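Written below as structure tokens is the structure these notes are about.
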Amino acid sequence: MGAIDRQPAWLTVFLDFPAGEFDAGTRFWAGATGYPLSPFRGVHGEFATLLPPAGEAYLKLQRLGDGPTRLHLDLHVPDPFAAAEAAEASGAELVEESPHGYFVMRSPAGFTYCLVKLCGTAVPGPVLWPGGHRSRVSRFCLDVPRKQYAAEVRFFQSLLGGRWREVEEPETALRPARDWALDVRLQPAEIVSEVTSHLHIVTDDLAAEVERLESLGARRRALRTGKAILEVPGGTALCVVAREAAELA
């Protein structure tokens, strides 16, 4: 069993909403991304996909029976069984082995993710908005309780493979996207007891993008140099990050 069997070739983010927040959350993210929504699927019509005009889908939505709004990852691997075994050996917990061939796992710090079969790997480009600026959801971020941070970084480095960048100020561990649609970033959180997650949108016009997202129902929490922190339907955070137009992935 080699690393090639268990390291992901693609990542999908699931935006998970309780039933009462699903419709509002779906409307917001369809507007925020500019991607059409697929037909609903599942036994109860609980799943949908945001479909970029070109490239592979990497954002999906799920209506939950209960629980808070949250995110989870699907890791697309050549061999989900081999990947689940390797993750358990690195400290993950097996939550469920589905008869449909995927595995639900929990990281050492308690983040839930799934190991699923391979899909395509064509990265969508940014959306050009009517005002002339561009943006795209480009980063998945885990906020990890401080006491669990170092171990969680080691776990994700083993889980995702690739080359990572670690910096001290602000303290982060970053796995650049390269052939994926999303970077993965871990950062320590000083005042939380459970791991949480959020997305970043990158844009070549921060003010225009924040205004656009606020018109869709986001609320501004903070504005910092080169970044805005918003609260979106469902109560989760969304960071909007400025990037030069030539660098926008």
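Everything numeric here is computed off the predicted structure, so don't read it as measured data. Each residue takes its place number in the sequence, starting with 1.
- A salt bridge does not link Glu46 with Arg63: none of the charged nitrogens is closer than 4.0 Å to a carboxylate oxygen.
- If you chain together hydrophobic residues whose side chains sit under 4.5 Å apart, Phe22 and Phe14 never meet in one group.
- Tracing side-chain contacts under 4.5 Å through hydrophobic residues (I, L, V, M, F, W, Y), one never reaches Phe28 starting from Phe47; they form parts of separate clusters.
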*Check the pair Thr236 / Glu231 against side chain to side chain donor-acceptor pair (under 3.5 Å), numbers first and verdict last.*
CA-CA 6 Å; Thr236 58; Glu231 181 179 320; over 6 Å; no
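- Between Trp10 and Tyr58, the ring-plane angle classifies as perpendicular under the 30° and 60° cut-offs.
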*Yes or no on salt bridge (Lys or Arg N to Asp or Glu O under 4.0 Å) for Glu171 and Arg146, after CA distance, side-chain angles and deciding distance?*
CA-CA 11 Å; Glu171 187 177 359; Arg146 163 61 70 181; 2.9 Å; yes
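- A donor-acceptor distance shorter than 3.5 angstrom exists from the side chain of Thr203 to the backbone of Asp205, with no hydrogens or angles considered.
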_Before you tell me yes or no, could you show the steps for Arg154 and Ser90 under side chain to side chain donor-acceptor pair (under 3.5 Å), namely the whole-Å CA-CA distance, both residues' side-chain angles and the distance that decides it to 0.1 Å?_
CA-CA 9 Å; Arg154 290 193 297 271; Ser90 297; over 6 Å; no
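- The number of heavy atoms from other shown groups lying within 6.0 Å of CZ (Arg219) does not exceed 12.
- The shortest heavy-atom contact between Gly217 and Pro233 is O-CD, 4.2 Å.
- Residues Pro188 and Val144 form no side-chain contact, since every pair of their non-hydrogen atoms from C-beta on lies 4.5 Å or further apart.
- For Glu166 against Ala173, the heavy-atom pair with the smallest separation is CG-CB, 4.0 Å.
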*Steps toward salt bridge (Lys or Arg N to Asp or Glu O under 4.0 Å) verdict (Glu214, Arg220)*: CA-CA 7 Å; Glu214 287 179 325; Arg220 193 178 312 194; 3.0 Å; yes
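- Side-chain contact check for Glu152 and Gln157: no donor-acceptor pair (N or O, by modelled atom type) lies under 3.5 Å.
- If you chain together hydrophobic residues whose side chains sit under 4.5 Å apart, Leu182 and Val127 fall into the same group.
- Residues Pro78 and Leu118 meet the side-chain proximity criterion, which asks for heavy atoms closer than 4.5 Å.
- Checking each of Val241, Val240, Thr225, Ile201 against Leu206 for a side chain to side chain contact (heavy atoms under 4.5 Å, CB included) leaves exactly one that passes, namely Val240.
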*Would you sort out whether Leu64 and Gln62 count as a side chain to side chain contact (heavy atoms under 4.5 Å, CB included), showing the intermediate values?*
CA-CA 6 Å; Leu64 304 172; Gln62 178 176 208; 4.0 Å; yes
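- Smallest separation of non-hydrogen atoms from Gly162 and Arg175: CA-NH2, 3.7 Å.
- Proximity of a side-chain donor or acceptor of His76 to a complementary backbone N or O of Lys117 within less than 3.5 Å is detected.
- Closest approach of Ser107 and Phe156 over heavy atoms only: CB-CE1, 4.2 Å.
- Residues Leu11 and Val116 do not share a hydrophobic cluster, clusters being chains of Ile/Leu/Val/Met/Phe/Trp/Tyr side chains in contact below 4.5 Å.
- Judged purely by atom type and a 3.5 angstrom limit, Asp16 has no side-chain atom pairing as donor or acceptor with the backbone of Thr69.
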*Under the side chain to side chain donor-acceptor pair (under 3.5 Å) criterion, do Thr172 and Gln187 qualify, and how do the steps go?*
CA-CA 5 Å; Thr172 59; Gln187 59 190 26; over 6 Å; no
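- Remark: side-chain polar atoms of Arg212 are paired, donor with acceptor, to backbone N or O of Gly31 under 3.5 angstrom.
- Every residue meeting the ring pair (Phe, Tyr, Trp, His ring centres under 6.0 Å) condition with Phe140, not counting sequence neighbours, appears here in chain and number order: Phe111.
- Inter-residue side-chain proximity for Leu186 and Trp164 is flagged as met; some heavy-atom pair is nearer than 4.5 Å.
- Both Leu59 and Leu216 are part of a single hydrophobic cluster, where members link through side-chain heavy atoms under 4.5 Å apart.
- Atom OG in Ser38 sits 8.5 Å away from atom CG in Leu61 (nearest 0.5 Å).
- Closest of all the heavy-atom pairs between Ala57 and Pro52 is CA-CD, 3.8 Å.
- Side-chain contact check for Cys114 versus Phe103: every heavy-atom pair is 4.5 Å or farther apart.
- Residues His72 and Tyr113 keep their aromatic ring centres 6.0 Å or farther apart.
- Within 6.0 Å of atom CD in Glu88, more than 12 heavy atoms from other residues, nucleotides or ligands are found, so the atom counts as buried in its surroundings.
- Scanning all heavy atoms of the two residues, the minimum distance from Leu142 to Ser197 falls at CD2-CB, 3.8 Å.
- Between Thr12 and Leu73, the closest side-chain pair of non-hydrogen atoms is not below 4.5 Å.
- Paired with Asp183 under the rule salt bridge (charged side-chain N to carboxylate O under 4.0 Å, His left out), one option of Arg139, Arg178, Arg136, Arg165 passes, and it is Arg139.
- Taking the side chain as every heavy atom from C-beta outward, Val77 and Gln7 never approach each other to under 4.5 Å.
- For the pair Asp143/Tyr149, no side-chain contact is recorded, criterion being any heavy-atom separation below 4.5 Å from C-beta on.
- In this structure, the side chains of Leu160 and Leu75 come closer than 4.5 Å at one or more pairs of heavy atoms.
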